[in-house]
Structures are given as C-alpha cells and as structure tokens.
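As structure tokens, the structure follows; a few thoughts come after it.
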Amino acid sequence: MPELPEVETVRRGLARFAVGRRVTQVEVGRLRTVRRTSAQAIIDGLTGATIVAANRRGKYLLLPLDTGDEVMIHLRMTGKLLVSAGGLPRPLHTHVVMHLDDGNEMLFVDPRTFGEVVVFDPTNVAVELPELARLGIDPVADGLTLPQLRHLVRSRNRGLKQLLLDQHLIAGIGNIYADEILHKARLRPERLSSSLAPRSEAMLHRAIHDVLVAAIVSGGSTLRDNQYVDLFGDGGSYQEDHRVYGRAGERCITCGRGWVRRIIVGQRSTHFCPICQR
DNA sequence: AACTGTCCCTGCAAGC
DNA sequence: TGCTTGCAGGGACAGT
C-alpha cells in the first residue's frame with residue numbers, strides 16, 4: 001500500500017532515472033487510469049515533453065514538464081511505476097506506457113485501477129486537481145512543526161487515527177503508518193486529539209517524523225501481497241520493523257506484556273497494544 | 001466540523 | 001477440487 005515512504009522511494013528513483021528524459025511516445029491502455037481527463041489529453045500533454053523534476057506532496061507524485069504542464073501520478077492501492085528496457089513483455093495490468101528517449105519505458109501498472117495519471121496545468125490546480133490544492137502539510141516535504149501539529153490536534157475533536165489519515169490536515173500518512181506512529185507515540189487510535197497532554201503532543205510529533213523517516217530509509221513497506229515495489233521491482237524492508245501493523249494476536253514487541261489487538265476504526269483495520277498505548 | 005455509508009476494482013484466502 | 005463470499009484499502013462524495 002503506497003503511503004508517503006513508498007511514494008518517496010519511487011520519487012527518488014524517478015529523480016535519478018526519469019528527470020531529464022524526454023517522452024518520445026505514450027500508450028494508454030485502460031481508460032479508467034486516465035478517467036480524470038482522457039487518453040488523448042495524456043498523449044498530447046506528454047509526447048515530446050521533457051521531465052524536469054520529480055516532486056511529491058503526500059501520496060501524489062508530481063513531475064513538472066518543460067512545457068509548463070505537470071504530470072500527477074497517484075498509485076492509490078495497487079499502482080506501481082516501473083522502469084525497464086523498451087521492448088520487453090509487459091506485466092499484466094499495464095495501463096500507461098511512456099517511452100523515454102534513453103530507450104527505457106516507464107510503465108504504470110495497476111490491477112485494481114484505483115490509481116490515476118493526469119497531465120494538468122499547475123497554475124490552474126484548484127480547478128483541475130482540487131484535492132491536490134486542498135492537501136495538508138507534508139511532514140517530510142514541508143516539515144511539520146510541533147506548533148503546527150499542536151494547532152491541528154487542539155482545534156479538532158476527533159480520534160487520533162482519523163486525524164492522521166485525513167489528507168487535508170497532514171498529507172501522506174495511510175493505514176500502516178498511522179498505526180505504527182500511534183504505537184510509537186504510545187497513544188490509542190481512538191483517543192480524542194483534543195485530550196492530549198503537551199507531552200503526548202510532543203511524542204506524537206516526534207513519532208510522525210521518526211516513523212516516516214525510518215520507513216523511507218528502509219525503502220518503504222512491502223507486505224506479503226507484494227503490492228508495493230520500487231521502480232525496479234524491488235520491495236522495501238520496513239515491514240520487518242512493524243510493531244503492530246499485521247501483528248494482531250501476537251505479543252507486543254515493545255512492552256512484552258500486551259497482546260496486539262485488531263479493531264476497526266473508520267472502516268479501516270487498526271492495530272494497537274492495549275498495554276503500551278493509552 | 002465530524003460522523004456514517006457507499007463506491008470504485010481485482011486478487012487472494014477462507015469457507016462450504 | 002471448485003465454487004462463492006469476504007476482505008483488503010485511498011480517497012472522494014453524499015447525506016445527516
């Protein structure tokens with residue numbers, strides 16, 4: 001499940017292997033992947049354009065072009081970007097292919113087709129990609145300060161997990177990292193944000209930063225379903241450091257006393273240790 | 001502001 | 001063995 005650390009890992013790969021490349025040809029397979037605009041808009045917007053940077057905001061990959069337009073790629077659940085030599089057989093569910101001027105191909109592969117590819121005009125982002133315009137603070141790209149977090153937490157009265165997952169507030173945290181962050185901060189997922197002592201706010205702030213940075217260093221999390229891989233098809237290793245996610249029923253590694261529980265919060269599976277998280 | 005429910009889609013696993 | 005059902009989940013959106 002690509003969240004901030006996985007998307008950041010892909011971004012770093014793109015910075016090395018896509019930036020500076022000109023797109024010589026574009027193929028669009030499934031129209032659902034380009035549903036926001038059209039196949040023709042993707043082909044016209046990309047063909048002949050050079051990728052000049054690789055950016056990220058939350059879970060959105062943003063590739064500015066020398067034409068002034070920008071490519072937005074969202075992997076959602078099962079989207080992958082892969083770079084490989086041209087002319088090779090393509091994986092099942094390859095929906096968009098960008099031929100690059102170095103002979104490589106960049107493939108957008110996505111079995112569940114929740115992901116999307118858009119070419120948009122960044123000066124008109126509020127109209128063309130309203131969700132992107134409304135995105136909250138990215139803890140890694142923008143930096144989330146303790147006073148900013150304090151304000152977010154104190155000005156709402158929601159469960160902490162819901163707050164962490166709200167992309168309009170903090171951008172990039174998904175289900176896995178929300179659980180890992182709250183475990184590290186020793187706070188329960190359903191705990192109301194406005195109820196935190198200053199010390200807990202500081203722990204949450206630190207945990208957001210530490211968990212995301214550690215996960216980026218490990219190249220993200222690749223679960224058993226192997227859904228997330230980097231540009232070259234390699235998985236990350238942060239799943240080995242998960243303390244609660246996917247460990248329901250196991251003894252808590254942190255305290256050695258509690259048993260990790262799995263509950264449903266806001267329709268999402270949620271994992272925590274009832275002994276160390278309060 | 002905040003809650004709930006719904007939808008989108010496929011692959012895999014569990015249950016019969 | 002072969003079917004059906006349920007689940008996974010990011011995020012927009014509608015309704016309350």
Side-chain angles (χ1 to χ4, degrees), chain A residues 1-11 29-37 56-62 72-81 90-96 108-118 120 125-139 151-181 189-195 212 215 220-229 235 239 242 244-249 262-271:
Chain A
M1 265 53 52
E3 304 179 26
L4 188 154
E6 290 76 27
V7 180
E8 175 63 17
T9 303
V10 172
R11 186 199 69 76
R30 271 188 85 144
L31 296 180
R32 187 169 146 73
T33 300
V34 298
R35 59 192 173 278
R36 194 177 299 246
T37 55
R56 182 191 58 74
R57 295 230 343 120
K59 301 171 195 171
Y60 294 73
L61 278 169
L62 299 167
M72 186 285 280
I73 299 170
H74 200 304
L75 304 173
R76 284 296 214 287
M77 290 292 305
T78 56
K80 297 178 189 67
L81 271 183
R90 291 165 186 165
L92 201 59
H93 307 298
T94 298
H95 304 318
V96 178
F108 181 80
V109 181
D110 186 13
R112 286 181 220 172
T113 69
F114 285 17
E116 60 176 321
V117 177
V118 181
F120 71 104
V125 63
V127 172
E128 297 186 24
L129 273 177
E131 320 93 84
L132 181 61
R134 289 198 303 256
L135 219 50
I137 302 169
D138 184 301
H151 174 73
L152 286 179
V153 152
R154 290 183 186 180
S155 62
R156 348 244 132 188
N157 195 31
R158 307 171 69 180
L160 287 174
K161 172 138 179 179
Q162 310 264 44
L163 186 139
L164 289 180
L165 290 178
D166 189 336
Q167 304 298 303
H168 305 112
L169 304 178
I170 301 172
I173 298 172
N175 206 38
I176 296 174
Y177 294 104
D179 285 2
E180 293 300 317
I181 287 166
E190 331 87 298
R191 176 79 178 270
L192 287 180
S193 60
S194 53
S195 76
L212 293 177
S221 301
T222 298
L223 305 181
R224 278 179 293 276
D225 62 8
N226 235 33
Q227 279 305 344
Y228 165 69
V229 291
Q239 67 283 357
H242 291 179
V244 286
Y245 188 85
R247 292 189 180 276
R262 179 177 177 278
I263 59 172
I264 302 297
V265 174
Q267 267 92 283
R268 294 284 182 271
S269 70
T270 297
H271 312 74

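Order of the sequence lines sets the chain letters (A, B, ...), proteins ahead of strands, with each chain counted from 1. All heavy atoms count here, side chains included; hydrogens, waters and symmetry mates do not.
- In the set dT10(B), dC13(C), dG11(C), the nucleotide with an atom closest to the side chain of Arg134(A) is dC13(C).
- Here the P atom of nucleotide dG10(C) and the CG atom of Leu164(A) are 13 Å apart, to the nearest Å.
- Put simply, His168(A) has no side-chain N or O that comes within less than 4.0 Å of OP1 or OP2 on dG11(C).
- Residue His93(A) has no polar side-chain atom (N or O) positioned under 4.0 Å from OP1 or OP2 of dT10(B).
- Between the base of dG9(C) and the side chain of Arg76(A) there is no donor-acceptor pair shorter than 3.5 Å.
- The CG-P distance, from Leu4(A) to dG11(C), rounds to 11 Å in whole Å.
- Comparing Tyr245(A) and Leu135(A) by the nucleotide of DNA chain C that holds the closest heavy atom to each, the one mapping nearer the 5' end is Tyr245(A).
- Listed pair Lys59(A) / dG11(C) meets the phosphate criterion, a side-chain N or O lying under 4.0 Å from OP1 or OP2.
- A straight line from CG of Leu152(A) to P of dA1(B) spans 12 Å, rounded to a whole angstrom.
- In this structure, CD of Glu131(A) is placed 18 Å from P of dC8(B), rounded to the nearest angstrom.
- Glu190(A) has its CD atom 13 Å from the P atom of dT4(B), to the nearest Å.
- Leu223(A) places a side-chain heavy atom less than 4.5 Å from the side chain of Tyr245(A).
- Straight-line distance from the CG atom of Asp166(A) to the P atom of dC13(C): 14 Å, rounded to whole Å.
- Side-chain contact check for Phe108(A) versus Arg30(A): every heavy-atom pair is 4.5 Å or farther apart.
- Here Arg158(A) reaches the OP1 or OP2 of dC3(B): one of its side-chain N or O atoms lies under 4.0 Å away.
- Contacts of Asn157(A) with the nucleic acid, taken as non-hydrogen atoms under 4.0 Å apart, involve only primed sugar atoms and P, OP1 or OP2.
- For the OP1/OP2 pair of dC8(B) and a distance below 4.0 Å, the side-chain nitrogens and oxygens of Arg112(A) include no atom meeting the criterion.
- Side chain of Gln167(A) to main chain of Gly172(A): a donor-acceptor pair is present (N/O by atom type, distance under 3.5 Å, no hydrogens or angles).
- Put simply, Ser269(A) has a side-chain N or O that comes within less than 4.0 Å of OP1 or OP2 on dG9(C).
- Under the 3.5 Å distance criterion, the side-chain polar atoms of His95(A) are matched with a main-chain donor or acceptor of Asp110(A).
- Between Ser221(A) and Tyr177(A), the closest heavy-atom pair is OG-OH, 2.7 Å.
- Side-chain nitrogen and oxygen atoms of Arg30(A) include at least one within less than 4.0 Å of the OP1 or OP2 phosphate oxygen of dT10(B).
- Across all strands, Arg268(A) comes closer than 4.0 Å to base atoms (heavy-atom distances).
- Rounding to whole angstrom units, CZ of residue Arg36(A) and C1' of dA12(C) are separated by 9 Å.
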